[in-house]
Structure formats: structure tokens, C-alpha cells
Amino acid sequence: MEIRVYNTLTNRKEPLAPLVEGKFGMYVCGPTVYDMSHVGHARVYVTFDVVARFLRFAGRQVTYVRNYTDVDDKIIRRAQETGVAPAEVSERFIREFIADMQSLGVAPADVEPKVTEHIPEIVGLIEKIIARGLAYPAGGDVYFAVREFSGYGKLSKRNLDDLEAGARVEPGDLKRDPLDFALWKAAKPGEPSWDSPWGKGRPGWHIECSAMSAKYLGETFDIHAGGKDLIFPHHENEIAQSEAASGKPFARYWLHNGFVQIDNEKMSKSLGNFFTIREVLQKFEAEALRYFLLGTHYRNPINFSDLALADAERRVDYIYETLAKVDERLAGRQVTPGALVEQEQVEKVLPAFSEAMADDFNAAEALGGLANAFALMNALCEKPPTKDKAAVVRTLARLRDEVRAIGAVLGLFNQPPGEFLLRRREKKAAAKGIDGARVEQLINDRGEARKAKDFAAADRVRDELKAMGVEIMDTPAGTTWKVP
RNA sequence: GGCGCCAUCGCCAAGUGGUAAGGCAAGGGUCUGCAAAAUCCUCAUCCCCAGUUCGAGUCUGGGUGGCGCCUCCA
């Protein structure tokens, strides 16, 4: 299967061909751990989690590296504000990040390196760049000489003179040129620092990714990804540093996800219009957030709203309700080989999924294509179009297995459906102060009334339940209830 | 000012130049004692103008509107 990706470097979709056949090195810029992660972060890590999963599903080997930037201005500032050590700040938010990722079903990367554990590599890399004449020490800092690097701007499609106009020069800066940026920053009193040939100091913002990606993936590797806002300057600078040091091409495919927006504006710290993952998960199922994020192609902006989340949550409920029904239907049944109901349609489910995903990881299209499969499962459970029970069972089993396999790639629908639904109901019931035992009692009463054909009484009970916020469903197996 | 992105049904949203997926909402049917759930059916010619083409939502040019990066930002 040919996989095509949109490469920011070339501004077009191209076949994804790794350096080494069948093996991918992939680096995603991880969080700077100075605060709780918000929905924008969730999008990045969910997106590229799915990318890694799909590549593996498609038979490729993937080495996935996702770093923690655990030394940085913002961490230091936060530490000073809160009166704790910077390392304490970063450790705490790494823990919080891990918890959020777990909630969202984001699998850990293969390597999750920290900047503070790679200072020697960083220093070594800077020395290499200096030796090649593309960086210079100045008063304990080291700067990258942007104008000495001929490819600068190739990722963000900028030219140096345009950049010059907007370049920031701070008082006390020792840059030779306003475009230059720091590879190493001399330590100020009270800041975390490490020994280096230029005195005590710490790494600049971009160098860590150059150093750590080279260490774990090599000087040239396949995929480098992150949010669109990292294209400039972060990724542009990484390219400059890495290629200056090695003389070789850096990452070959650059993937960038679009922003999460609120009211059509970028969700960001500086605008203050963000929701942390934690906040969202208090209101909605984690899987609903994940479903929502995957429902729009990763490169497009996605507008965050309660309405959209509620939609996604309803859809996730529907899917688990369907799967639960199927599980119930298949319980204790033997699956025999033979023809399927709607064979053609059923056989298309998996290929359609793969095709959608192989086209620049179009999870939104993939999800759309699944609608059919769920509708068919429901139909087969309730009103099968055939009397051939063995074929129905066979088809249901097949669809369920494929949906599960697809779910494993998307990181969705993999909880035991029964447990998921029960947990959902308990949560919602608790929120509304509904007493489960009381509900069961009323359902029993209503059952009696129905048995006695006293439908007026039965309907009164249902109205009572409805007033409590409980919806009941009569099924062949008995009456069930839920909190809508 | 420079660079880039986006504009598809009431809402969300996919769409390799070949005749508009899917979800929600809405309307109608089936099922049901009545419901709910489920299922089936119905429901758009793609911001505007011009062009290229046998053929354009999809390419080109020009508008209009929105967003982003150029400073920390996923």
C-alpha cells in the first residue's frame, strides 16, 4: 500500500518513502513542561499517535521519538513565580502530561528523551556547528549565524530580508545579526545551568530537538512533526542547526497539524482562550475528545465547542451501544465459515479504511466510512434481512472484529462496550442524583403493570422515570435504562 | 508589509479533473401496547467573477470574507 503525505517542505502530497525500506524514524516535538496541557496539545499527540499506529498497522516499523523540553525560559519563570525549583516544575508537568495522554489513549513513544539528560549531546552538536563556521560564541552565549546557512527559510518559505524587518533584537544581545538565534545561553544567577566550553549555561530553545533526534534517529531521518506554529522559527531553526552540523539533509518529511480554535480563533496561551485537557475531561468522555479530534483532517483547523464535543460523545455512545448489542447477540454462538450477509459491503470496510488513512492519514474520511458498518451491525442484530442465522452471526463477528482492528489504529472503540456503557450511566446518574436501585424498582413496577396490561399505569411509571432524567427501553431481553 | 492557509446542505465535515462520503438536526416510513433505541427513505452543485478543459468543488487569474505565522505558542 502506498502511503501519501503532505510534506510542508515541498508544499505538496508525496509518496512516503523511508530511508530504509519498511522502517520509519519519526520525531515529534513534545511539550515544554511548564503548565497543564490544553486541547491544542491533545490534538498534536493524538494525531501523531494515530500516524505511528497506522504506519505499524500498514506493516512498517516505526521508531517514534517524542521529547520533553524540560529546561526553558517559561519553566524557569514558572519556578520563580511559584517558589519551587525548575526541576520540580518540569517533573510535575511531565507527570500531568503522562496522565492526560493516558486518558486520551495516546500510546507512549518509543523514546521520550529529556533535554536535561542530553546536555553533552547538545554541547557536542554546538561545537560541531562552531567548527563548521556557522555559529559563534559571544560573551558566554553561542549564536547561530543564520546568514551563513544557505538553506535558511526553505521550510517556512521565507527570505532573509523579509525576516530581517521583523527580527527582534533585545538590549544586551550579542548577536552579530538580528536574525541569529541562541544555541546556548549563558547562565543568569539562580537559573539551572551546566558546564560548557563557553562557561555555565543552558541550551537555547531549538537545539535540543536537533541533538536528540540525531541521537535516536540519525542525522537524516524520515518524519518530523508538530503543530503548525512550530514551522517558524522552531523547525526552520532545527533544520539550520542540524544541516549545518552534519552537512546532510535533516528530516525528509515534515508534517504539521492545524490549530484547535475557539470561535474561529487559535486556541493559545497568549490569547487565554484555551481549555486544558483536564477541564474538558471533567465534562466529556476522553474518547469523545479523541473522536472529535479525529473527525477533522489533521491539517485543517478544528473548532472546539461544547456542542461539537457533545456530538462526538453521542457518536461514541452509539458505537459502544452497537458493539454491546453485537456482543450480546454473539455470546455463546459458534462462528462458522461461509458466505456473509452484504458480503461486498462488508469486505470493503477494511480496504476503505486503509485507503483513507494512506491518503495523508485522513482519519475523518476513515471514520465516515465506518457509518455503514455500524448501521449494518444494528440492522443485523434487530432485523436481519435474511433467515440464515449462521450467516448473520458470521457477518456480525466479522464486522465487530474489523471495527475493533480499525479502532486499535485510531485508538477508539477498544473498551469493553458493556463496561463503558455502565460506567457512562453511573457517571451521568450520579451527576443527576439518580438512585439506581429506585430506578430498578420503578422498572419492576412498570413490568408488573405491563404484564397486567395496565398500560396507563405503566406509562405513568415511565413518565415518572422521565421526570427523573431516566429513559427506558423495552428489549426482547427485558427493560433497560439509560441517562441521555 | 512579507509568507501561507481556508471558504462545500440549518450545524459539523470528507472529497486523487469525470459528474457532491459521513454525522447531527429536520421530514416521512418500519419496529413498539405506547415509547425509546435501532433501521430505511428524503434532504446541497460546492463564496463571487473570468479563464483552461470534452468535462472543475477539485487547475489558473482576479475579487470578497475569515484565519495563521513573521515574538513565547502545539
Side-chain angles (χ1 to χ4, degrees), chain A residues 4 8 11 13 28-32 34-35 37-48 72-74 77 153 156-159 161-168 170 205 225-234 236 256-261 264-271 274 291-292 295-297 299-303 305 307-308 310-312 314-315 317-318 321-322 325 352 355-356 359-360 362-372 374-383 385 450 453-456 458-459 462-463 465-466 470-475 479-482 484:
Chain A
R4 294 171 62 80
T8 307
N11 267 142
K13 248 189 236 181
V28 174
C29 289
T32 300
Y34 70 104
D35 205 348
S37 298
H38 58 66
V39 180
H41 300 102
R43 187 177 199 192
V44 183
Y45 304 114
V46 166
T47 294
F48 296 110
D72 153 279
D73 292 352
K74 291 189 293 290
R77 198 191 319 133
S156 55
K157 318 291 187 285
R158 273 154 227 254
N159 70 61
D161 298 323
D162 292 336
L163 284 169
E164 180 89 49
R168 188 172 66 163
E170 292 192 347
W205 174 29
K228 262 195 167 97
D229 45 2
L230 294 184
I231 295 173
F232 189 88
H234 186 56
E236 194 68 62
H256 292 98
N257 65 276
F259 299 129
V260 175
Q261 307 183 319
N264 293 314
E265 268 195 332
K266 179 185 175 185
M267 175 184 289
S268 74
K269 289 279 191 186
S270 35
L271 289 171
F274 62 90
Y291 188 98
F292 161 74
T296 296
H297 184 92
R299 279 192 288 116
N300 293 343
I302 185 169
N303 213 39
S305 68
L307 186 71
D311 264 7
R314 235 173 289 139
R315 195 64 189 157
D317 283 344
Y318 163 83
E321 277 162 11
T322 304
K325 231 184 276 181
E355 243 170 75
D359 183 10
D360 200 22
N362 197 337
E365 190 183 344
L367 242 20
L370 248 34
N372 239 313
F374 290 116
L376 183 56
M377 279 190 264
N378 273 304
L380 289 174
C381 284
E382 295 189 6
K383 276 188 290 183
R450 287 180 77 213
K453 299 257 190 258
D454 183 356
F455 294 120
D459 288 349
R462 187 178 34 221
D463 289 344
L465 284 162
K466 201 166 187 178
V470 172
E471 205 156 76
I472 54 174
M473 282 86 56
D474 294 324
T475 77
T479 301
T480 62
W481 63 282
K482 70 173 185 177

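Worth saying up front: this structure is predicted, and the values here are computed from it rather than measured. Below, chains carry the letters A, B, ... as their sequence lines are ordered, and counting in each starts from 1.
- No hydrogens or angles were tested; on distance alone, nothing pairs the side chain of A:Asn159 with the base of B:G2 as donor and acceptor under 3.5 Å.
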Taking N or O atoms only and anything under 3.5 Å, show me the protein contacts with nucleotides 38-44 of chain B, one pair per line.
residue	atom	partner	partner atom	Å
B:A38	O3'	A:Asn378	ND2	3.2
B:U39	OP1	A:Tyr318	OH	2.5
B:U39	OP1	A:Asn378	ND2	3.3

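- Residue contacts shown for A:Phe232 are limited to sugar-phosphate atoms, with no base heavy atom under 4.0 Å away.
- Here B:G2 is the nucleotide among B:C24, B:G2, B:C73 with the atom lying nearest to any side-chain atom of A:Asp162.
- Phosphate contact (OP1/OP2 of B:A13, side-chain N/O of A:Asn300, threshold under 4.0 Å): absent.
- Among the nucleotides B:G68, B:A25, B:G2, the one closest to the side chain of A:Arg314 is B:A25.
- Within 4.0 Å of A:Ser156, counting heavy atoms only, lie sugar-phosphate atoms of the nucleic acid but no base atom.
- For B:G57 and B:A7, the P atoms lie 14 Å apart once the distance is rounded to whole Å.
- As judged by a 4.0 angstrom heavy-atom cut-off over every strand, A:Asn362 is placed among residues touching the sugar-phosphate backbone only.
- Spacing between B:C12 and B:U71 at atom C1', rounded to whole Å, works out to 34 Å.
- A:Asn264 comes within contact range of the sugar-phosphate backbone alone, with a heavy-atom separation under 4.0 Å but no base atom that close.
- Atom NE2 of A:His234 is separated from atom P of B:A74 by 10 Å (rounded to the nearest Å).
- More than 12 heavy atoms of other residues, nucleotides or ligands shown are found within 6.0 angstrom of NZ on A:Lys269.
- On the P atoms, B:U32 is 28 Å away from B:G22, given to the nearest whole Å.
- For B:C69, its base never sits under 3.5 Å from the side chain of A:Lys228 at any donor and acceptor pair.
- In this structure, A:Arg158 reaches the bases: a heavy-atom distance under 4.0 Å links it to at least one base atom across the strands shown.
- Distance noted for atom C1' between B:C43 and B:G23: 14 Å (whole Å).
- A:His256 comes within 4.0 angstrom of nothing in the nucleic acid, heavy atoms only.
- In this entry the distance linking CG of A:Asp311 with C1' of B:C24 reads 5 Å, nearest Å.
- Across the P atoms, B:A44 and B:C73 are found 47 Å apart, a figure rounded to whole Å.
- At a threshold of 4.0 angstrom between heavy atoms, the contacts of A:Ser268 include nucleobase atoms, whether or not backbone atoms are also involved.
- For the C1' atoms, the distance from B:C5 to B:A21 is 24 Å, rounded to whole Å.
- Rounded to an integer number of Å, the gap from A:Glu365 CD to B:A13 P is 16 Å.
- A:Asp162 contributes atom CG, which lies 14.5 Å from atom NZ of A:Lys157 (distance to the nearest 0.5 angstrom).
- A:Gly226 comes within 4.0 angstrom of the backbone, heavy atoms only, and of no base.
- With hydrogens and angles disregarded, no donor-acceptor distance shorter than 3.5 Å links the side chain of A:Asn362 to the backbone of A:Ala356.
- Taking the C1' atoms as reference points, B:C59 lies 47 Å from B:A37, given to the whole Å.
- Going from atom CG of A:Leu230 over to atom CD of A:Glu236 covers 12.5 Å, rounded to the nearest 0.5 Å.
- Using a 4.0 Å heavy-atom cutoff across all strands shown, A:Gly258 reaches at least one base atom of the nucleic acid.
- When the P atom is compared between B:G28 and B:U58, the two are found 37 Å apart, to the nearest whole Å.
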